[in-house]
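All values below were derived from every heavy atom in this structure, side-chain atoms included, with hydrogens, water molecules and symmetry-related copies excluded. Below, read A as the first sequence line, B as the second, and so on, with proteins coming before strands; counting in each chain starts at 1.
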Amino acid sequence: MAKSQNRNEPIFRVAIALPVYRLFDYLAPERVELIKVKPGIRLEVPFGKAKKIAFLVECVQHSDIDIGKLKRVERILDEKPLLSAKDLALLHWAGRYYHHPLGEVFSAAFPVALRQGKPSVIQAEKRYALTELGKATDSGQLKRSPKQKSVLEKFQTHQNSLSEAELSAWNENWRSSVKLLIDRQLLQLSVSESGTHAAEQPVVRNDALHCNPQQQAAIDTVCEGLGQFGVFLLEGVTGSGKTEVYMQIIRTVLERGQQVLVLLPEITLTPQLEDRFRQRFTVRMAISHSKLTDRQRASAWLTMQRGECSILLGTRSTLFTPLKNPGLIILDEEHDASFKQQEGFRFSARDVAVVRGKLLNIPVLLGSATPALESLHNVDNKRYHLLHLPERAGIATAPVLQLLDIRNKRMQEGLSEALVAQMRLTLAKNEQVLLFLNRRGFAPTLICHGCGWVARCRRCDANLVIHYDEGILRCHHCGQEQRLIRQCPACKTGELTPLGLGTERVEKVLAELFPDKSIVRLDRDSTQRKGSLENYLQQINRGEVDIILGTQMLAKGHHFPNVTLVAILDVDSGLFSIDFHAPEKLAQMIVQVSGRAGRAEKPGRVIMQTRQPEHPLLTTLIHQGYNSFARTALAERKEASLPPFSYQALLRVQAQDAEMPKLFLQAVVELAQEYSKGRTQLLGPVAAPMARRAGLYRYQLLFQSGRRPELHALLDVLMPKIEKLKQAKKVRWSLDVDPVDLY
DNA sequence: AGCACGCCGACT
DNA sequence: GTCGGCGTGCTC
């Protein structure tokens with residue numbers, strides 16, 4: 001039949017973004033010059049009834065599929081691959097290491113617009129600036145249009161022009177106001193000032209700050225290592241001048257004509273670093289994070305790919321952006337768990353960055369005040385080179401940490417009398433107080449005083465959290481809400497009482513205790529409105545706020561120079577977790593929160609309320625510092641053969657049916673025992689710590705081995721078989737290699 | 001992931 | 001007698 005005459009047709013083996021491990025074979029397009037076709041190019045292929053975008057993996061001569069059944073590639077989308085051979089190798093490595101389908105890995109490397117098959121064209125980015133009229137206009141005149149007023153103020157408090165990307169990061173809905181302000185001739189389109197860099201022009205526009213010897217040593221060490229692979233761990237407390245070190249190293253990289261990729265854990269941290277970089281560097285800089293439009297992200301990606309831009313600042317997903325002249329990868333706050341993607345393709349941006357650095361033969365610079373235990377372990381075994389910044393730069397002094405024993409003490413909504421007294425002293429000196437409580441809402445539990453009934457989520461194994469402001473009960477795990485009830489549904493008589501502490505409740509008592517003070521609450525609920533976080537931060541730094549109260553989001557990066565007292569209201573809640581990562585996370589959180597205080601010339605103090613004043617984690621951390629804590633914690637991990645002294649992968653399963661997840665994992669265990677020759681342990685199957693979430697029943701199975709190759713060899717044979725398991729079709733499962741969150 | 005095929009319940 | 005429920009299986 002037709003079979004034989006086509007025997008020598010070239011076959012395109014492609015990856016398609018699907019949750020399956022196998023690749024798909026297609027007939028090459030007719031009249032194609034095979035020499036010009038390189039792996040990595042995007043293709044459009046017929047797939048089932050639809051068309052899909054595919055990535056060419058290789059050209060082969062033979063297919064296992066009957067050649068008559070193969071379809072033909074419809075269209076070639078790229079003349080040349082947008083990814084280099086080394087970046088393709090990185091994706092293949094990541095697919096193998098995380099045991100994730102290659103098509104989805106490829107898909108993650110491209111910005112949305114390109115993975116949908118859009119052409120690789122760059123949309124020029126617009127910038128806006130004040131007109132002379134805009135500079136002279138008092139924003140008070142716009143008080144009848146508050147959105148325009150705030151946009152005008154944004155420009156008036158900003159030195160340079162603002163790009164679409166910067167405006168989007170600040171407030172997603174800026175377009176209409178900017179348009180109206182242009183109509184009023186207060187704003188104008190500005191000629192792209194950050195794109196003016198010419199080859200002969202200096203890369204920096206102003207002088208570097210003076211560095212202390214340790215900073216200089218760090219700069220020199222990394223700069224000497226440019227042009228070859230090496231991982232540097234820059235350990236420096238808040239205020240030790242890490243950013244200055246980054247900038248001086250970046251300058252050298254730029255002067256070599258190379259590009260720099262800078263990764264941050266969170267979008268909210270990009271504007272401040274972007275500002276500092278723009279003040280220092282003349283080169284073009286791209287920003288990429290999920291608040292930007294698909295078009296903006298595609299432009300950032302392509303300008304880096306073409307080498308038209310020298311610095312890329314972005315979050316986790318930016319890691320795979322191709323670089324025409326790669327020089328350096330910086331990953332700031334490397335300990336931060338946000339660098340681990342928590343769904344789908346669960347990669348660690350830190351670990352993949354290191355592999356990327358190795359493939360590109362460039363240095364990787366990791367920065368943190370509280371390095372991850374794995375990173376310190378990698379310093380110990382000489383894989384990473386430690387650069388230590390022991391001092392605070394300038395004249396700032398380190399904050400003093402102290403424990404406040406609250407056993408048997410009178411408490412008012414989580415505040416001890418001693419703490420309130422310290423707050424009064426601080427406020428009397430006109431200095432700011434920061435209170436940290438990592439629980440939003442009014443109270444985490446609503447309990448009946450009469451019968452003990454507790455408000456539970458119907459779809460999760462969790463209690464509903466009281467949100468008085470909104471008059472609702474909300475589940476923090478599935479988002480389900482219901483009206484706040486007044487009467488106990490069980491006994492109809494008892495009094496419903498809020499139990500426990502949330503930021504809303506503390507805010508209320510603060511308002512009573514300090515009626516003449518201005519209080520700001522920063523948590524996901526109070527900052528949901530776009531741009532409100534930035535507005536609050538500005539208020540705080542203008543000194544219009546006396547007491548700052550907030551959750552996790554306070555712990556990251558933001559500087560509050562006039563804060564001299566920090567209190568961690570409930571440090572004990574972090575001491576009792578089944579996850580072995582918990583002590584590390586708690587210690588990092590304490591040090592990070594402490595870093596918010598006592599910058600500038602005013603010394604800061606940190607008070608931790610605890611009922612465990614003798615707890616070794618707390619005493620070690622306070623008296624000997626983070627590094628001693630880390631040493632102790634690493635010794636404990638070693639003793640217990642936990643990571644980084646062993647290697648883990650967690651197989652998670654969930655299903656509507658209560659029994660299926662367990663049955664599926666039992667089948668997996670049978671398979672694993674058949675193929676596991678070595679000493680890879682199987683821990684489970686066990687119910688997940690939260691056995692039901694959003695209506696789904698959850699189970700998990702942990703693989704652990706003292707040798708990484710052994711674990712991966714097992715997973716290599718196991719995963720394709722798991723995919724074909726008949727039980728697999730009735731559940732949703734995912735593998736998490738190097739899990740950081742065992743929940 | 002989509003999407004069609006397929007075999008059992010309440011409607012014109 | 002049909003419309004449609006979502007269980008199961010396939011996509012080169």
So what does A:F47 hit on the nucleic acid, given a heavy-atom distance under 4.0 Å: a base, only sugar-phosphate, or nothing?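 Base, at least one base atom sits under 4.0 Å.
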Look at all strands and tell whether A:R22 reaches a base, only sugar-phosphate, or nothing, counting heavy atoms closer than 4.0 Å.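 Base, at least one base heavy atom under 4.0 Å.
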[X] [atom1] to [N] [atom2], straight-line distance once rounded to whole Å:
{"X": "A:F106", "N": "B:dA1", "atom1": "CZ", "atom2": "P", "answer": "20 Å"}
{"X": "A:R115", "N": "B:dA1", "atom1": "CZ", "atom2": "P", "answer": "15 Å"}
{"X": "A:L43", "N": "C:dC12", "atom1": "CG", "atom2": "P", "answer": "14 Å"}
{"X": "A:E723", "N": "C:dT11", "atom1": "CD", "atom2": "P", "answer": "13 Å"}
{"X": "A:Y21", "N": "C:dC12", "atom1": "OH", "atom2": "P", "answer": "21 Å"}
{"X": "A:I16", "N": "C:dC10", "atom1": "CD1", "atom2": "C1'", "answer": "13 Å"}
{"X": "A:Q656", "N": "C:dG5", "atom1": "CD", "atom2": "P", "answer": "17 Å"}
{"X": "A:I65", "N": "C:dC10", "atom1": "CD1", "atom2": "C1'", "answer": "11 Å"}

Any A:K71 side-chain N or O less than 4.0 Å from OP1/OP2 of C:dC12: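 For C:dC12, OP1/OP2 do have a side-chain N/O of A:K71 under 4.0 Å.
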Just N and O in the side chain of A:K49: are any of them under 4.0 Å from OP1 or OP2 of B:dA4?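 True: A:K49 side-chain N/O within range (under 4.0 Å) of B:dA4 OP1/OP2.
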Tell me if the aromatic rings of A:F703 and A:Y647 count as close, with their centers under 6.0 Å from one another.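 Not under 6.0 Å, so no.
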Sub-6.0 Å ring centroid separation between A:F347 and A:F320: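 Yes, ring centres under 6.0 Å apart.
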Would you call the rings of A:F110 and A:F55 parallel, tilted or perpendicular, taking 30° and 60° as the class edges?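 The rings of A:F110 and A:F55 lie parallel, inter-plane angle below 30°.
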Measure from the side-chain heavy atoms of [X] and tell me the nearest of [options].
{"X": "A:F24", "options": "C:dC12, C:dT8, B:dA1", "answer": "C:dC12"}
{"X": "A:V20", "options": "C:dT8, C:dC12, C:dT11", "answer": "C:dT11"}
{"X": "A:D25", "options": "B:dG2, C:dC12, C:dT8", "answer": "C:dC12"}

For the salt bridge (charged side-chain N to carboxylate O under 4.0 Å, His left out) test, which of A:D351, A:D738, A:D741, A:D736 pairs with A:K340?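 With A:K340 as partner, A:D351, A:D738, A:D741, A:D736 yield a single salt bridge (charged side-chain N to carboxylate O under 4.0 Å, His left out), made by A:D736.
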Would you call A:E481 and A:R474 a salt bridge, using N to O less than 4.0 angstrom?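 Salt bridge between A:E481 and A:R474, a charged N being under 4.0 Å from a carboxylate O: yes.
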